[in-house]
Student: 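Okay, here's the structure, questions in a sec.
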Amino acid sequence: MTVTVVDHPLVQHKLTIMRDKETSTAGFRRLLREISLLLGYEVTRDLELTTKMIETPIETMEAPTLEGKKLVFASVLRAGNGLLEGLLDLVPAARVAHVGLYRDHETLEAVEYFFKAPSDLGDRLVIVVDPMLATANSAIAAIDKLKSRGATNLRFLCLLASPEGIERFAKAHPDVPVFTASIDRELNEKGYIIPGLGDAGDRMYGTK
Ligand code: URA
């Protein structure tokens, strides 16, 4: 499995502000949207192009255009939606899947409560988004589910990953490349990424 750490200075700068506990809910949300544009640029860097004939106001040209079926962003609810919004700004025609999972706070296992996706997942690139690859339980469960519905070409995009999460994810889904802005030091006993940024959903929505 490949892991790409997006170490662009703008990504790292924005991430630092997001980690800061003094950053407001509104600021956190805005930064998550901005950073998702930069991460989205990397995760889509090698999308295949074809060409089509268009008329500019001056002449006809054979111009590049994305090839193949529209890609799918699969958001792992609820925090995935923070990344999803920016990604849809980049690729407005993308299809969207939602995978509703919550973390059982006792067992840290992912429990599914919602799933909705395009029916032809097997024909599409599926980019699964969830800001935190912590225990990897949710990411593994989301991808298990998407594969069971036919997806074969997947990528996983997050903001922060733990070394433990990456190791578990690589064992479960060695065929799925991971893109992240940082691999943090460790996971604590409660399943939080350290130093991390806290609970991404709570930071995004002002809950707690
Ligand atoms: N989910 C979060 O939102 N934060 C963590 O640190 C781990 C999982």
Side-chain angles (χ1 to χ4, degrees), residues 1 3-7 11-12 14-36 38-40 43 73-87 97-115 127-146 155-173 176 178-208:
M1 184 201 70
V3 181
T4 303
V5 178
V6 183
D7 58 359
V11 170
Q12 296 305 314
K14 289 175 193 296
L15 182 56
T16 296
I17 307 172
M18 294 178 76
R19 288 181 188 276
D20 188 335
K21 67 178 188 186
E22 301 302 330
T23 297
S24 67
T25 301
F28 188 91
R29 237 186 341 242
R30 181 176 47 75
L31 285 156
L32 185 56
R33 194 178 185 119
E34 290 170 7
I35 219 169
S36 63
L38 298 161
L39 296 174
V43 78
F73 295 123
S75 172
V76 181
L77 299 174
R78 69 185 161 149
N81 279 2
L83 286 171
L84 176 66
E85 287 179 24
L87 293 170
H98 289 98
V99 188
L101 296 169
Y102 68 85
R103 197 153 71 139
D104 183 312
H105 280 292
E106 299 281 300
T107 63
L108 303 185
E109 290 297 321
V111 184
E112 183 185 315
Y113 64 88
F114 185 79
F115 183 82
I127 299 177
V128 183
V129 299
D130 189 352
M132 311 298 271
L133 185 64
T135 60
N137 287 344
S138 317
I140 292 170
I143 289 173
D144 283 344
K145 179 75 183 202
L146 289 158
R155 295 176 189 180
F156 184 80
L157 175 64
C158 60
L159 195 54
L160 296 187
S162 71
E164 297 88 339
I166 286 186
E167 198 182 322
R168 291 197 62 227
F169 186 88
K171 281 205 184 106
H173 294 296
V176 180
V178 171
F179 293 75
T180 183
S182 172
I183 302 173
D184 275 13
R185 194 177 69 243
E186 61 186 343
L187 205 58
N188 74 7
E189 68 290 347
K190 291 193 171 138
Y192 279 89
I193 295 177
I194 306 297
L197 50 72
D199 185 298
D202 284 345
R203 298 286 312 272
M204 241 163 82
Y205 294 120
T207 47
K208 204 161 167 68

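Counting starts at 1 for both ligands and their atoms, in listed order. Counting from 1, the numbers follow the sequence of the chain as shown.
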Student: So, do V6 and L38 sit near enough that their side-chain heavy atoms are less than 4.5 Å apart?
Tutor: no
Student: Only pairs at least two apart or in different chains count here, so list each side-chain hydrogen bond (donor to acceptor under 3.5 Å, both in side chains) that has a residue in residues 178-187.
Tutor: R19-S182, R19-D184, S182-D184
Student: Find out whether M18 and T23 are in side-chain contact, i.e. whether some heavy atom of one side chain is under 4.5 Å from a heavy atom of the other.
Tutor: no
Student: Report all protein residues having a heavy-atom distance below 4.0 Å to some atom of ligand 1; order the list by chain, then number.
Tutor: R103, M132, A134, G191, Y192, I193, G198, D199, A200
Student: Do L32 and E85 have side-chain heavy atoms sitting under 4.5 Å apart?
Tutor: no
Student: For F156, check ring-ring contact (aromatic ring centres under 6.0 Å, His included) against everything at least two apart and list the hits.
Tutor: F169
Student: Which pairs pass side-chain hydrogen bond (donor to acceptor under 3.5 Å, both in side chains) with one or both residues in residues 197-206, sequence neighbours excluded?
Tutor: R78-D202, D202-T207
